[in-house]
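Structure, as structure tokens:
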Amino acid sequence: MSQIFHRSANTIARVSIFGAVFFVAGLLGLLAQINRSPWVTQARVAREQPIQFSHERHVAGNGLDCRYCHTSVEDSPFAGIPPTKTCMNCHSQIFSASPYLEPVRLSFRTDRPIAWTRVHDLPDFVYFNHSIHVNKGVGCTTCHGQVDRMPLMWQEQSLQMEWCLDCHRNPERYVRPREAVFRVDYVPPANQAELGRRLVADYHIQKLTSCSTCHR
Amino acid sequence: MAEHFVPVEDPPSAGLGTPPVIAPGYTFGTVTDKISAIVLTRKTPRGWYVGFGIAFLLTMVLLVSVSYLLVEGIGIWGNNQPVGWAFEITNFVWWIGIGHAGTLISAILLLLRQTWRTSINRFAEAMTLFAVACAGLFPALHTGRPWLDYWLLPYPNTMGIWPQFRSPIMWDVFAVSTYATVSFLFWFVGLLPDLATLRDRSQSKVGRFVYGLLAMGWRGSARHWHQYDTAYLLLAGLATPLVVSVHTVVSFDFAVAIVPGWHTTIFPPYFVAGAIYSGFAMVLTLAIPIRAVYGLEDFITTRHLENMAKVMLVTGLIVAYGYTVEAFIAWYSGNAYEGFMIWNRITGPYRSLYWALLFCNVLTPQVLWFRRVRKYAPGLFVVSLIVNVGMWLERFVIVVTSLHRDFLPSSWGMYRPTIWDWGTYVGTIGLFVALLLLFLRFLPMISIFEMRTILPAAKVDEDVREDLRVI
Amino acid sequence: MTPNPEVPNPYVGGDRSREVSDPGSRLPREEWWRTLDELADDPAFRDRLYNEFPSEIEAIADPVARRTFLKLMGASMALAGVTACTRQPAEKIVPYVRQPEEIVPGRPLFYATAMPLGGVVTGLLVESHEGRPTKIEGNPLHPGSLGASDVFAQAAVLGLYDPDRSQTLTNLGDIRPWSAFLGTIRAALSAQQPLKGAGLRLLTESVSSPTLAAQIHEALERFPAAKWHQWDPASHDNARAGAKLAFGEYLDAQYLLDGADIIVALDADFLACGPGALRYARDFSARRRPERADRMNRLYAFESMPTSTGSRADHRLPLAPREIERTAHALAAAIGIRPADSATALGVSPALQKTLTAVAKDLQAHRGASLVIAGDGQPPAVHALAHAMNDALGNVGRTVVYTSTVEAAPVDQAQSLRDLVADMNAGRVDLLLIVGGNPAYTAPADLKIADAMAKVATRVHLSLYDDETSALCHWQIPEAHFLEAWSDGRAYDGTVSIIQPLIAPLYGGKSAHELLAAMSDRPERSGYDIVREHWQRERAGGQTAGTGASRPAPPRPEFDQDWRRWLHDGVVPDTKLAAKTVTVRTDAIARFEPGANRATQSGVEVCFRNDPSTLDGRFANNGWLQELPKPISRLTWDNAVFVSPAMAERLKFDNTPSWQGGEHGQILASVVEIRYRGRTVKGPVFPLPGHPDNCATIHLGYGRTRAGHVGTGAGFNANAIRTSDALWSGAGGEIVTTGDTFSLACTQYHHLMEGRGMVRAVTRDEFEKNPRSIHEGHEEPARTMTLYPEHQYEGYKWGMSIDVNACIGCNACVVGCQAENNIPVIGKDQVLRGREMHWIRVDSYYRGPADQPETYFQPVPCMHCENAPCEPVCPVGATVHSDEGLNDMVYNRCVGTRYCSNNCPYKVRRFNFLLYQDWNTPSLKLMRNPDVSVRSRGVMEKCTYCVQRINAAKIDAEKADRRVADGEIKTACQQACPADAIIFGDLNDPKSRVAQLQAETRNYSLLADLNTRPRTTYLAAVRNVNPELGD
Amino acid sequence: MKARSSYGLIAEFEDPTALVSATHRAYQAGYRRMDAYSPFPIEELAEALGSHHSKLPLIVLIGGLCGGIGGYALQFWAATMAYPLNVGGKPLHSWPAFIPITFECTILVAALSAVFGMLALNGLPMPYHPVFNVARFALASRNRFFLCIESTDPRFDPDDTRKFLNALGPREVTSVAD
């Protein structure tokens, strides 16, 4: 009988067996990473919009309050996207001839709404309610990030379930006083742990992790 | 440690009339040649092509059924409210049960030092693998959204949730996947020396390469044999409780539920016995034609057939006991739901199936009390077919007749299979046969090296053994 | 929505109208057979006929299905994408340009309006999401609703969005603009001007709208020779005629059930249908609480077809309609109104006579607190007798009041229609305006209305659907749905509601007001102006008719305020009709002879009834209603020939569960032929326990030929044998078997309790002696009998109590739930397989002999068991408990093993075996409740206790830093329930209604012996039997 | 054939007894780096080679324990710590329900340890081996029995060893190229 395999086959065989184990493990790890990456979550990816609307300009520059445009955030599940009328409140006076704002004026003239690209898009089976979060001391920037530094809006967080759960399990790490909810310059104090515990007690914040809290 | 490979004398009780486990006159060489020739040199019998053709067609039926299922949903089957499970789980349990014979023959009979297992264990193990593969298809496909089946695996996910480990379905996932893995390992380890034989005997370059790759360089070293024996024995020791646990877990799918007719403590032993029963029936169903087609009567002798018939008789009686106890407890417990359940089985709309299963599983195997039947291959073949059918009916009766009339009469209903139910079922039979035929064609269906060990020449002379003992 | 439109049902595939063989028509009997042969010669049809599994075969052979394949593959990938590593597709978000002030995006608004049906309106509150009406509830301020609603109101929202509605104005099938119609009608009217409208005919349904009535009167003033006819199959001719007999004028009777101790129903299903039924059910059930046994009323029902009312009766006697008439006479005799002629003279059996004596005694013992009610199916004489009995018993003014009619112009509608047909046949009609209704389908067969209509020069039909009548008309005008147009109407007691639209007409429909305006000199007026002007005038001092044409005076400022208040409240205050003092012509009534108006007394008596689901066929294209299991028979998607079990056995009619679906799906029924007054019709037979013998009931509203995708072809047309002289019943029928079999989709065929105590019932005597007697023979394991520590539920602990004693089985909860929770319609084929999707079902159970059983209804939603058997078996944790004890079902986590459903002893879980939801039809997307996930295929679903409502209320309470108050959360089923049988609330609050009800002795758990510890529990039934009659 | 290019010397025998006795004799003669090859397991052969003990059972035991503990720990952690949920009123730590999976994990890891342990201890896969250079070695998987004394054995001497082997009564003694 002669050799079927070359001497090197021994090494190749062992290396490939070990290699396969590491390869599969690596692949699974990579998959897990991809699932959490911006490529999937779209986090921190600025979206193209029909109008180059800058939160940075309006919030940091002009000092508008969140609620000037997102009017229903305190009463409704939905924070509200401003109607064209809201834009025109100011822009009928300032930059009223700017070519950038032509789509706004067109919308106002023709009564055709502006179709924005949705940035924070939860799956349809998730029911998020802005009003209760805002009322319980969850600040805008906690989830939406520093919108005052976003020339084009992006989604700050992954919006994945594990991210939601993190806060629902440990609200004391994130809540702030109600009066600071809409402050974009709010920085958690050094004693957040203590403050958080106190706010959780004061605001009767529950740790809601029942499925039907969000899924109905 | 490895004395189990040393041929054991027939037990004295076997008597003079007991045929041997291998016909006389064979040597290491002829045994090797005869078995490996099937794979390497002999012309593939025409029967193989015919069989494979039919099996392939049926596999295509499976493919079509499954594709349509994925496109349309479970609704193409006959399942409904209240019969949420029907054909698919019946088939699952049936296939898993069939698989049990292979593990039983290779593991339990090994531990019990039954040398007659040698010539049937290899293809019985292969049968196990293919049956488990067919079985596994059903739970995987029967979910409403099979593309999400991976949620049943515990892996860290972005949802932060884990499988619900109290569910018998999760137990199933672990039991069946463990069973499939261990069965494969057991089968593959057993094949290793025979792959080396094929490697060494193959005339073609491709054959030598492929078999060589699979044989991993096995060279029959005594040191290797020593580890090998240990591993094989350990695997047998692990597979034995495993095989019992698998059908126990399958029975838990039912026993843990509260449905009358399911919620029964007798299910685990009764299911395990039933599994062995149906498994042996399937081994006989396969062995009898195979040995005829390939002329293997010298290796699979009437001794084998008779022993398997005896196992069937015993497990058949256990199953019959199970039926009796089920009925008895239904009456004795005084539980109205249980009482109605049995009454409904006996007299309800599915009564003909219940009576048919009693005929198939209880009445028919009683002919095995007669030695003449046990030794008569065509007769055994018919009995084994009937038992196969009967065991399928048993699962159908358990699954469907329990569900179709459970607690609230307002929700009682009935189930009728659609062509897609049949297509999927028949398709898996096709897949099973196709895989089995491929196995027969490309791998040694009888363990060659183990056959060598049962030849008288395999014994080391007594004086040499004495010498060793001196050290 | 449309259940597999490409998969016609093999049996009902043919043109149903042809199955009616009318000797007088052009098609002789043989002709019909030939037609069927033709059908059978069609290879495709034959394939389907002999194919066991039609849907699958077709689905795979059909190119449509191949497209479905691609679509589904796409959908599956998208679905998989939500969870796997594929990104969500980018979505657009579209704000308003100018946001209406009252709208807060994301929060629903509620508007009061009202639904007209059968000449009365019922007040409603409609939930609107960003301008889309999505859910209808009763208006608590409305006397005819008190917050409750019926199946028709609940299903109206689907009617609104029905894609099969007529969407364009057509002339002979061509699409035309409204102006073209205006031109035609002007020309036609100018031609009529010199004739004073002698050739003009107006056919409406019963009109309770004061505005519409005023408009019609105005039109009739312009055309004095024109005629107004009314035909409304859902109306109440016999009651009207009975009132005329009794009082000499048309009057409406209103019952004050809260004051009635003893009630006798003569074929009257007053709890479930007819004007005021919701109110009556509420008042009735309020007096069925055994905890206040002294207040418990007692109901005797003599009825033919088993109804909701009969099932709630303490004594129910199944009698054919003609026997009920005799019974009414005998009862009148027993009370002393009639001469005490012998029982035999009236043809009343001694046993019945004995009962009647006891009933009469009971009635007389409760003078002024008793009540006799006659049903619409009974001839006017019986109504007159009922009035006379109430008068004699001193009930008038106490348990019954009489008012002038709610309808604007009550007439004998059968006669009205007959006159119209006669005029048309005589060629006296040039212009026929049909305002609503579908007379071509609903008119009795003997009128041959289609032939008569052919003689009219110009025929105009205003209707929601392009239906049978539209096909006979030149012009078809899409009608605005009541949720799309302004109108008004009166409740059963006369209270006026303004009907305000929730949405602009989806398909440019016109209201009756706008059509009538087109006939006036101001055709451009909008519905809003018309209605508002009418009321402005009314309030200004009732310068009514005649001045309508002139411009109204400028509105007074108070009117604006009033108007706003009316719209807000949904009722116009102080418009209830005043009670009238009446004199009953008792002497004349005493001289009536039973059966005087009946031509023959022999043969099988055939009864016609409006269908509980489709009514007269107007709701035939409403999938929610078609798929709604009818009370008691639990039949869906079809009507049937209901007979008594004894009769079915005698005539060897077959009716057995098939292998497909079985008792829970497909019932194979013999097809019988009813020969009645020279006409025949074929239909499947359905034996119903409690149905009187020698009598057959068939429901109208089926066998529609132009109903739409959903309704066309369902059932058979009973109108084909109905005659105008005996609208509701007539003897002389004959039923013969044809040897054919038909598949009926029935969601419950087994109504026996098998000794399992699902419904527990005792008599009032037994209950008073020992309230625990209810639970005798039923075991409930002690709460301590467990290895595991109990879960503690801090905070809220939701629970529900369902009163079996109160439930009338009206199904409002079922449709309410369907509307609230986006539950799909699956079609007959799927119901046949036993896969219906209702989250709450109303089981019915019988106790006692088959010819005279007690019937109980048991609504079964999810029990939300604390030891839920469904939960531990789910491998992915898709169903688990919430902290408040809800049995959460997480659709997006469900992989669909169906194990939970197998392990649910109550079988309340529902599985999406196929893609049941319509993901494509745009209008149906508007209809869905945005607060509830729309489930896709392969997912289990079930009752959530309306968790979306719980969460909304909790969030509101949390924001105000308070607890949710008792009664603040109403589940959809509870809110719809007219009988107040379903109560939901917090069990941790001992003062909550539900906690108090669950603390009552009558409280029991379904299948308590399984120790599932349901949060939904039941209150046992207590029957207030007359000790003299025994149980 | 030069000594350093030789793997060793191999002797071919006709039956198991001859091989066992030859191996025994070689062991007694002080050879240690040698191996015997047979077409089926011969229990006595391992003894003759002086190998009595296998570490495999210990590996399998450890594997099984790891599997079992790991399986239970996973379930315990997932049900009580990762996302505690009230499932049908059962306690979070429903230990009886966790047993089947614990058991299956035990078996799975133990079986994997047994197979991969065996392969590892045997140094498999090793598709290339010098003994395959001997043409007649193909019969080792059929009906012939071989004893190979490797050149790395301290007592190995090409000529002496060949003589020694020849004295054991083999069918043939061949040099094994490396």
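Chain letters run A, B, ... following the sequence lines, proteins first, then strands; residues in each count from 1. Quantities reported herein were computed from a predicted structural model and do not represent experimental measurements.
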Q: Identify which part of C:Tyr749 has an atom lying under 4.5 Å from any heavy atom of chain B, answering side chain, backbone, both or neither.
A: neither
Q: Answer with side chain, backbone, both or neither: which region of C:Gln858 has an atom nearer than 4.5 Å to a non-hydrogen atom of chain B?
A: neither
Q | Lys NZ or Arg CZ of C:Arg760 over C:Tyr856 ring: under 6.0 Å, within 45° | A | no
Q) Contact part of C:Ser844 toward chain B, heavy-atom cut-off under 4.5 Å: side chain, backbone, both or neither? A) neither
**Q.** Heavy-atom proximity to chain C below 4.5 Å, by part of B:Leu141
**A.** neither
(Q) Counting neighbours of OH on B:Tyr155 that are heavy atoms of other residues, nucleotides or ligands and sit closer than 6.0 Å, is the number greater than 12? (A) yes
Q. So, the side chain of B:Gln81 versus the backbone of C:Arg909: is there a donor-acceptor pair under 3.5 Å, distance only?
A. yes
(Q) Please identify, among B:Asn79, B:Asp149, B:Leu152, B:Val173, the residue contributing the most non-hydrogen atom pairs under 4.5 Å to chain C. (A) B:Asn79
Q: Pick out which of C:Cys746, C:Ser658, C:Pro657 makes a side-chain contact (heavy atoms from CB on, under 4.5 Å) with C:Gln666.
A: C:Ser658
(Q) Please classify the contact between C:Thr897 and chain B as side chain, backbone, both or neither, with a heavy-atom cut-off of under 4.5 Å. (A) both
Q. Under a 4.5 Å heavy-atom cut-off, does chain C meet the side chain of B:Asp172, its backbone, both or neither?
A. neither
Q: Answer with side chain, backbone, both or neither: which region of B:Trp262 has an atom nearer than 4.5 Å to a non-hydrogen atom of chain C?
A: side chain
Q. Do B:His142 and B:Trp85 touch side chain to side chain, with heavy atoms closer than 4.5 Å?
A. yes
Q.
At a 4.5 Å cut-off on heavy atoms, which part of C:Arg910 comes close to chain B: side chain, backbone, both, or neither?
A. both
Q) Would B:Trp420 and B:Tyr68 count as a close aromatic pair, with their ring centres under 6.0 Å? A) yes
Q.
Counting heavy-atom pairs under 4.5 Å with chain C, which one of B:Pro82, B:Pro163, B:Ser402 comes out on top?
A. B:Pro82
Q: Tell me, for C:Asp1009 versus chain B, whether the close heavy atoms (under 4.5 Å) come from the side chain, the backbone, both or neither.
A: side chain
Q) Using non-hydrogen atoms only, which part of C:Leu1006 is less than 4.5 Å away from chain B: side chain, backbone, both, or neither? A) side chain
Q.
Could you check whether any side-chain heavy atom of B:Val426 comes within less than 4.5 Å of a side-chain heavy atom of B:Val61, counting everything from C-beta outward?
A. no
Q. Checking heavy atoms, do the side chain of B:Phe165, its backbone, both or neither come under 4.5 Å from chain C?
A. neither
Q | Contact class of C:Pro869 relative to chain B, heavy atoms under 4.5 angstrom | A | side chain
Q.
Tell me if a side-chain donor or acceptor on C:Glu663 pairs with a main-chain N or O of B:Ser411 at a distance below 3.5 Å.
A. no
Q. Where on C:Cys904 is there a heavy atom nearer than 4.5 Å to chain B: the side chain, the backbone, both, or neither?
A. backbone
